[in-house]
Amino acid sequence: MLLRFPDGAEKTFTEGITPLDVAKSISSSLAKKVVGAYLDDDLYDLNRTIHRDGAIRLVTESDEKAFEILNHSSAHLLAQAVKTLYPNAQFGVGPAIEEGFYYDIALETSLREEDLAHIEKQMARHAKENHPMVRKEVSRKEALEIFKDDFYKTTLIEAIPDGDAITLYQQGDFLDLCRGGHVGFTSKIKHFKLLSLAGAYFRGDSDGPMMQRIYGTSWFSKEALDAHLALLEERKERDHRKLGKQLKIFMLNSEVGQGLATWLPNGYAVRKVLEDYVYEEERKAGYLHVSTPVLGSKHLYETSGHWDHYQANMFPPMERDGETFVLRPMSCPHHMKIFQSELRSYRDLPLRYAEIVTQHRYEASGALTGLERVRAMTLTDAHIFVRPDQIKAEVISAYELIDKAIADLGLEIAYLEFATRDDSKEKFHADETLWNEAEAVLEDVLVEAKIPYKKVPGEAAFYGPKIDFQVKTVLGHMITMSTIQLDFLLPERFDLTYINADGEKVRPVVIHRGYISTFERLMSILLEQTKGAFPVWLAPTQVILLPVSLDAHMDYTKTLYKSLMEAGYRVKIDEREEKLGYKIRDAQTQKIPYQLVIGDQEVADHSVTARQYGSSEQHTVSVEEFYDQLAQAVAKKSR
RNA sequence: GCCGGAAUAGCUCAGAUGGUAGAGCAACUGACUUGUAAUCAGUAGGUCACGGGUUCGACUCCUGUUUCCGGCACCA
């Protein structure tokens, strides 16, 4: 049997050797680090025997795939431990995930946080017992027979496509249906921790049964595990809910209403800068701003189709004088009516309407998360009405507008998502030709602009495909920051037309453009990505003045304050009778970018001693110089 | 919405087994008159989320509700 190594070397082995044997034949240190292998494109367990020639690539601990294999095996170890402690337990799926693993468990009794420690101990025992994780290929019939009393596994077996191999893994008494890719021996699993307990629907189906899910994480060394646990702690410190409270950005109060955020002065100061930014950037890009009411006729939303698709996520309708109103969840229909308010010529297009407006959505109570998901949100929403020949250019210019904002805000986009329809789902409107056209145009733009993206079938809006800009929150949630959506349907539904060069009435195409998410969501992202230390242009308070003595230095301090305020900056004076060290500490805690100390010296030579957030350095500069520095920091949108 | 957990002073948190609550910070008052990350002393602050029950007695046990947290589902 001939195996070829990545460096091109070839070596003969006796049939039935395992990746572990191959590693051992090379070196004992490699044997310690190996966790599996690829034979051509097939992932082999560490202890799976090899019976054919092929290209072999050993997967070692440093390999990205190794973490996945280890965590997948850890999920099995978890299930084995649960089965030992709770013999009646049945299991759903137990995959490796980005930072660890989970396993879904069906159990009569509810697991509690304190049970995790016991399960963890049992896992350690099974690991120590060093069970080989033995792979077996079986027929569908055999598999169904083996799991005949297990609703979950039989359902999973039935979902395996015909022709795919069905494999089982046995470790000790524990037998599981599994595609595989395992570390081969439970003793390989040494540094792990169970993290949390949650509910999860079987196969993600909210009409199906709910299982108990245990999350955990598994690493190759104690150091790596500890580092990961420390990272989880650090993330808690960056949670926008915590920072938002500390820095008095916003509050959520049950008496105000569930999911209804209140912006506090510090938060609104930031938001106002963002609103102005958005307005200016849109104005420069040729958008026309409009304003329409937060309440709309229900009929308007029936015409658009939103009522059909989303009424469950809208606040219930209100009736007055025979007319039915809804709290608007969207802007599209309103902008459609604006387009329709005049006879349009092909020469008028593109027409870009933008609006900063508050919308209301009845989000499921369990979905509400700080400012990340709320029920009343303010955003700038835009709809661009174009001729077919203008689609590409407008999609590109929308992309560029968004791209600039992301850079200006210093944000990190995780990836772009290209959401298309899935014909098996009913939510999408029917016209296939339009869909194909729309999807082709968007993909063209992505390909031509060489923008990397992830295609996600079935995630499109009901009226058309879209490009979503995804951000990863500190909690690990993927949320949509910006979006560009093509829409051939709403113009149809609203019977929008313009007169083309031949004097005929034809349909415009609509591009929906979500710019920088809602101000609520943007604030949550900004807080997390800046850790609450806003760049100068955004900071709620940009400069704080710290007089050394309230008696001796207050006049000069107040003069400075007045001139800074007049110049448009957000400034405060710390007028408390406290020591300078105390005031500095307080200003640092509030993450105020500039702290100006005003004492005898500064009064005498008309200067300020500036200290920046996060630094213990101080520079005494003339007032003029400080103004320059401040203006530059604002212009550069830097810290 | 579903599964699980939590709710104690403005904030962060203590408070076995039932005997109506405590710290630090913040606030307030006073002293200190201050030059780069917390000066000292004192005062005040609580329907222990809310309602019902068990009990001689409930922050503590049971139950309902509300909100929040971890997930799942949802996300125009």
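Letters A, B, ... are given to chains in the order of the sequence lines, protein chains preceding strands, and every chain is numbered from 1.
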Query raised in the report: Between A:Arg576 (CZ) and B:rA37 (C1'), how many Å, whole number?
Result: 13 Å

Query raised in the report: For A:Lys466, which contact category applies under a 4.0 Å heavy-atom criterion: base, sugar-phosphate, or nothing?
Result: sugar-phosphate

Query raised in the report: Which one of A:Lys531, A:Lys242, A:Glu528 satisfies the side chain to side chain contact (heavy atoms under 4.5 Å, CB included) criterion with A:Val474?
Result: A:Glu528

Report task. Tell me which residues in residues 109-116 of chain A put a heavy atom below 4.0 Å from RNA chain B, sorted by number, or none. Result -> A:Ser110, A:Arg112

Report task. Send over the distance from A:Asp239 CG to B:rG71 C1', rounded to a whole Å. Result -> 15 Å

Report task. Would you classify A:Gln618 as touching base, sugar-phosphate or nothing, given that sugar-phosphate means primed atoms plus P, OP1 and OP2, and contacts are heavy atoms under 4.0 Å? Result -> base

Query raised in the report: Which part of the nucleic acid, if any, lies within contact of A:Leu546, taking any heavy atom under 4.0 Å across all strands shown: a base, the sugar-phosphate backbone alone, or nothing?
Result: nothing

Query raised in the report: Taking atom NZ of A:Lys83 and atom OH of A:Tyr103, what is their separation to the nearest 0.5 Å?
Result: 11.0 Å

Query raised in the report: Looking across every strand, which nucleic acid part, if any, lies under 4.0 Å from A:Tyr102 by heavy atom: base, sugar-phosphate, or nothing?
Result: nothing

**Report entry** Touch class at under 4.0 angstrom, heavy-atom based, for A:Asp551 against every strand present
**Finding:** nothing

Report task. Can you tell me the distance, in whole Å, between the CG atom of A:Asp205 and the P atom of B:rA73? Result -> 10 Å

Query - From CZ (A:Arg238) to OG1 (A:Thr530), nearest 0.5 Å - result: 9.0 Å

Query raised in the report: Do the two ring centres, one from A:His512 and one from A:Tyr463, sit under 6.0 Å apart?
Result: yes

Query - Base partner of B:rC2, which must satisfy Watson-Crick or wobble distances under 3.5 Å - result: B:rG71

Query raised in the report: Touch check for A:Glu577, heavy atoms < 4.0 angstrom, all strands: base, sugar-phosphate only, or nothing?
Result: base

Query - Base B:rG1 to side chain A:Glu363, donor-acceptor N/O within 3.5 Å cut-off - result: no

Report task. Write down the distance between CG (A:Leu550) and P (B:rU33), rounded to a whole number of angstrom. Result -> 14 Å

Report task. Select base, sugar-phosphate, or nothing to describe what A:Glu578 touches, counting heavy atoms under 4.0 Å on all strands. Result -> base

Requested in this report: Identify whether any heavy atom of A:Tyr201 sits under 4.0 Å from a base atom; if not, whether one sits that close to sugar-phosphate; answer base, sugar-phosphate or nothing.
Outcome: base

**Report entry** Aromatic ring proximity, centroids under 6.0 angstrom, A:Tyr556 and A:His606
**Finding:** yes

Query raised in the report: What does A:Arg373 touch in the nucleic acid at a heavy-atom separation under 4.0 angstrom: a base, only the sugar-phosphate, or nothing?
Result: base

Requested in this report: May I ask you to say what A:Gln485 touches in the nucleic acid, namely base, sugar-phosphate or nothing, with a heavy-atom cut-off under 4.0 Å?
Outcome: sugar-phosphate

Query raised in the report: For the residue pair A:His306 and A:Leu490, what are the closest heavy atoms and their distance?
Result: CE1-CD1, 4.4 Å

Report task. Just call it for A:Glu602: base, sugar-phosphate, or nothing, with non-hydrogen atoms closer than 4.0 Å on any strand. Result -> base

Query raised in the report: Between A:Glu363 and A:Arg373, does at least one N-O distance fall below 4.0 Å, as a salt bridge requires?
Result: yes

Report task. Give A:Gly204 one of three labels, base, sugar-phosphate or nothing, depending on what nucleic acid heavy atoms sit under 4.0 Å from its own. Result -> sugar-phosphate

Report task. With sequence neighbours excluded, tell me which residues meet ring-ring contact (aromatic ring centres under 6.0 Å, His included) with A:His228. Result -> A:Trp219

Query raised in the report: When we call it a touch if two heavy atoms are under 4.0 Å apart, what does A:Lys583 touch: a base, just sugar-phosphate, or nothing?
Result: nothing

Requested in this report: Could you tell me whether A:Ser304 contacts a base, only the sugar-phosphate backbone, or nothing, with contacts defined as non-hydrogen atoms closer than 4.0 Å?
Outcome: nothing

